[in-house]
Amino acid sequence: MKRVYLDNGATTMLDPKVIEAMLPYFTAKYGNASSTHAFGEEAKEALERSRSIIAKSIKAKPDEIIFTSGGTESNNFALKSIAFTNKEKGNHIIVSKTEHKCIMNACKWLEKHGFNITYLDIDKEGFVKPDDLKKAIIDKTILVSIIHGNNETGTINDLKKLGQVCKKHNVYFHTDACQSYTKTELNVKKQDIDLITLNAHKIHGPKGIGVLYIRKGVNIKSWQHGGDHEFGMRAGTENIHGAVGFAEAVKIAMDKKHIAYMAKLRDRLIKGVLEIPKVRLNGPTGNKRLCNNANFSFKAVEGEAIGGYLNNKGIASSTGSACSAKTLEPSYVLMALGLNPEQANSSLRLTLSRFTTQEEIDYTLKVLPEVVKSLRKISPFWKE
Ligand SMILES: Cc1ncc(COP(=O)(O)O)c(C=O)c1O
């Protein structure tokens with residue numbers, strides 16, 4: 001059976017060039033970067049080379065990049081470390097209602113430990129309004145964390161405007177850019193960002209590696225104790241093959257031609273799906289939306305059912321973020337956009353990559369209308 005992978009928001013395939021770059025670090029070059037012999041030096045050199053590549057991609061300095069185990073750890077690191085290091089200044093943190101689960105659950109934990117969290121509303125397309133942020137900041141605010149590209153709706157928040165508000169009010173600004181990295185501009189200088197979460201497995205790199213960018217001068221202490229790795233900020237023997245794979249993935253993904261390619265296929269997909277009756281696109285259009293994301297609600301059918309039928313035809317899709325796909329709760333992100341539970345439960349996310357082909361999109365556009373039609377035939381809620 002034909003297999004079409006349209007769940008690149010959950011994870012992506014490893015680029016063969018990334019595997020090739022990583023292989024020597026599993027075999028001959030297996031040294032520990034802390035060792036002082038030649039094996040160690042080789043590992044250290046690869047680690048620092050990788051760090052520089054990632055730093056350059058966001059216009060940061062290499063010593064502002066801390067390797068972690070991925071997006072979840074970087075987000076926890078940013079929120080919890082900033083909170084506890086700066087608690088003398090205040091105990092108030094602002095996030096949006098559409099953050100990834102790992103930010104939301106870190107916030108719940110912080111609430112139990114004496115911190116107050118404001119969850120900002122978003123508009124109908126999923127954007128945080130800089131004016132709302134301005135109004136929410138109080139004397140005790142120490143940190144604002146706003147997602148860059150949303151994993152469900154593809155909404156790309158305006159970091160520059162949000163960063164300016166934070167800078168003006170002397171509040172740290174963190175962004176979770178796991179979905180947007182290399183798909184739209186990320187520039188720590190232009191966008192006034194203090195901390196950024198990034199990971200490799202959304203951009204054809206390996207799973208289990210990410211970074212936290214920490215601007216020089218930010219008051220933050222480590223929350224993981226052990227050796228003196230990563231400038232004393234994140235203890236643990238470094239994942240050299242992961243770092244090398246991450247950097248190789250970045251080098252390839254930074255070529256802007258990939259953005260244009262994915263956006264063209266995404267728009268072809270959106271146009272085709274919107275020809276099905278009673279379908280709505282969730283999130284914005286054009287370059288305010290991630291180039292690889294499409295999210296729809298189909299009247300009178302469950303997204304789960306559509307996903308199951310598509311799977312039987314070889315097409316991988318998703319009904320929410322991968323981490324919450326196993327719960328039956330309607331997506332809190334779509335609900336925050338103003339969808340009712342029925343609309344949220346009828347949603348389907350299709351996410352592309354630079355490896356997605358036009359033929360795969362056309363196959364999806366052939367199969368999906370048939371699936372929706374047959375499900376509507378048996379739906380008690382469907383009226384022609
Ligand atoms: C926006 C966002 N943040 C964080 C994460 C978590 O990253 P990781 O899987 O590397 O822990 C993901 C991945 O699902 C994500 O989409």
Side-chain angles (χ1 to χ4, degrees), residues 5-14 18 54 58 65-80 95-109 122 126-128 145-157 159 162 174-184 186 193 195-213 223-224 234 236 239 242-243 245-247 249-250 253 282-283 289-295 316-327 331-334 336-337 349-353:
Y5 186 74
L6 293 181
D7 197 14
N8 290 281
T11 196
T12 57
M13 76 170 227
L14 264 181
V18 170
I54 295 165
I58 57 169
I65 300 293
I66 309 297
F67 282 106
T68 67
S69 66
T72 301
E73 183 186 326
S74 294
N75 280 340
N76 273 273
F77 183 179
L79 264 72
K80 294 174 183 174
V95 301
S96 83
K97 285 188 177 166
T98 61
E99 299 302 313
H100 188 269
K101 263 264 155 80
C102 57
I103 293 274
M104 290 307 203
N105 285 336
C107 284
K108 276 191 204 151
W109 185 86
I122 43 139
F127 294 102
V128 173
S145 180
I146 306 285
I147 192 164
H148 190 201
N150 190 274
N151 44 304
E152 291 191 47
T153 60
T155 310
I156 302 175
N157 274 307
L159 293 185
L162 297 168
H174 166 253
T175 188
D176 172 357
C178 289
Q179 293 283 341
S180 59
Y181 186 34
T182 70
K183 296 192 177 72
T184 186
L186 201 51
I193 317 170
L195 304 113
I196 306 179
T197 288
L198 304 171
N199 63 1
H201 76 97
K202 311 285 185 186
I203 57 165
H204 307 288
K207 294 172 182 61
I209 182 96
V211 303
L212 182 64
Y213 156 77
W223 73 313
Q224 180 156 306
R234 199 271 187 181
N239 175 357
F246 193 178
V250 171
N282 300 316
R289 176 176 206 115
L290 289 174
C291 58
N292 69 331
N293 171 295
N295 187 318
S317 64
S318 131
T319 50
S321 74
C323 320
S324 55
K326 289 198 173 74
T327 70
S331 148
Y332 62 85
V333 173
L334 295 180
L337 248 66
R349 183 185 75 168
L350 299 169
T351 40
L352 287 56
S353 82

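Indexing begins at 1, ligand by ligand and atom by atom, following the structure's order.
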Sub-4.0 Å atoms of ligand 1 with respect to non-hydrogen atoms of Asn199: 7 (O), 8 (P), 10 (O)
For Gly70, the ligand 1 atoms whose distance to one of its heavy atoms is below 4.0 Å: 10 (O)
Atom indices of ligand 1, in the order listed, that fall short of 4.0 Å to a heavy atom of His201: 8 (P), 9 (O), 10 (O)
Shortest non-hydrogen separation from Ala106 to Leu79 and the atoms involved: CB-CD2, 4.4 Å
Side chain Asn150, main chain Glu152, donor-acceptor under 3.5 Å: yes
Close-contact set for ligand 1 against Ile147 heavy atoms, below 4.0 Å: 1 (C)
Lys101 near ligand 1 by a heavy-atom separation under 4.0 Å: no
With His148 via ring pair (Phe, Tyr, Trp, His ring centres under 6.0 Å) - residues at least two apart: none
Polar contact flag for Asn151 and ligand 1 (N/O pairs, less than 3.5 Å): no
Asn199 side-chain N/O to Gly208 backbone N/O, donor-acceptor pair under 3.5 Å: no
Part of Lys207 with heavy atoms under 4.0 Å of ligand 1, whether side chain, backbone, both or neither: neither
Test of proximity, Gly71 against ligand 1: N or O pairs below 3.5 Å: yes
Tyr213: side chain to side chain donor-acceptor pair (under 3.5 Å) partners, not counting sequence neighbours: none
Aromatic plane relationship, Phe77 with Trp223 - under 30° parallel, 30 to 60° tilted, over 60° perpendicular: parallel
Among Asn293, Thr319, Asn295, Asp7, side-chain hydrogen bond (donor to acceptor under 3.5 Å, both in side chains) partner for Arg349: Asp7
Heteroatom proximity flag, Ser69 to ligand 1, N/O under 3.5 Å: no
